[in-house]
Amino acid sequence: MNMALWGHTYLTLLYSLALLVILFNLGSNNLAWLRGCRLAKLGALSYTVYLVHPFFISSVFLLSGKNEKLSSLVELFLFLVALCLSLIY
């Protein structure tokens, strides 16, 4: 059996079951921590980084004149700069 196929199937089943448990227990006190302020802020931050990080990666690498690949410490530093700019923004 192809492990990549099984791995994706396993993850799909895991996330589907987690979503079903959450949807069937929307008002439950056991899931109150999912409605907390901290997770809402973490979700907003994660989504913002998801949206703006590609822009910062492209900008940093264009300004430095390097290709967007991770093959040296300089490029690792550029990726970290782009990540920091994403988090600051």
Side-chain angles (χ1 to χ4, degrees):
M1 174 179 263
N2 186 350
M3 290 308 289
L5 177 64
W6 170 245
H8 290 119
T9 303
Y10 173 74
L11 286 175
T12 301
L13 289 173
L14 177 70
Y15 292 140
S16 298
L17 287 174
L19 184 61
L20 285 174
V21 166
I22 290 169
L23 289 175
F24 285 130
N25 297 299
L26 281 178
S28 171
N29 288 335
N30 293 332
L31 298 176
W33 60 275
L34 289 174
R35 295 184 292 271
C37 183
R38 289 181 180 164
L39 276 183
K41 288 179 182 178
L42 179 63
L45 176 67
S46 298
Y47 190 62
T48 302
V49 169
Y50 167 75
L51 289 178
V52 301
H53 191 60
F55 168 75
F56 284 113
I57 288 176
S58 297
S59 299
V60 166
F61 276 87
L62 279 174
L63 290 173
S64 69
K66 300 267 188 191
N67 289 331
E68 290 183 26
K69 60 182 181 176
L70 189 58
S71 61
S72 71
L73 289 176
V74 172
E75 290 154 354
L76 175 63
F77 176 74
L78 292 174
F79 270 111
L80 292 175
V81 167
L83 176 62
C84 289
L85 288 173
S86 299
L87 291 173
I88 292 169
Y89 175 73

Residues, nucleotides or ligands: over 12 heavy atoms within 6.0 Å of L19 CG: yes
Counterpart residues, side-chain hydrogen bond (donor to acceptor under 3.5 Å, both in side chains), relative to S58 (two or more places apart): E68
Same hydrophobic cluster for L17 and L23, using side-chain heavy-atom links shorter than 4.5 Å among ILVMFWY? no
Members sharing V49's hydrophobic cluster (side chains within less than 4.5 Å): L45, L83, L87
Residue pairs meeting side chain to side chain donor-acceptor pair (under 3.5 Å), one or both in residues 37-53, sequence neighbours left out, come to H53-S86
Ignoring hydrogens, what is the shortest heavy-atom contact between K66 and V74? Give both atom names and the distance. CE-CG1, 4.0 Å
Remaining members of hydrophobic cluster (4.5 Å side-chain criterion), L62: none
Indicate yes or no: at least one non-hydrogen side-chain atom of F79 is less than 4.5 angstrom from one of I57. yes
For residues V60 and L73: do they belong to one hydrophobic cluster (side chain heavy atoms under 4.5 Å, members Ile, Leu, Val, Met, Phe, Trp, Tyr)? yes
Residues forming a side chain to side chain contact (heavy atoms under 4.5 Å, CB included) with S16, sequence neighbours excluded: T12
Are L63 and V81 connected, step by step, through hydrophobic side chains (Ile, Leu, Val, Met, Phe, Trp, Tyr) whose heavy atoms are closer than 4.5 Å? no
Cluster partners of W33, using ILVMFWY side-chain heavy atoms under 4.5 angstrom, listed by chain and number? I22, L31, L34, L39, L42
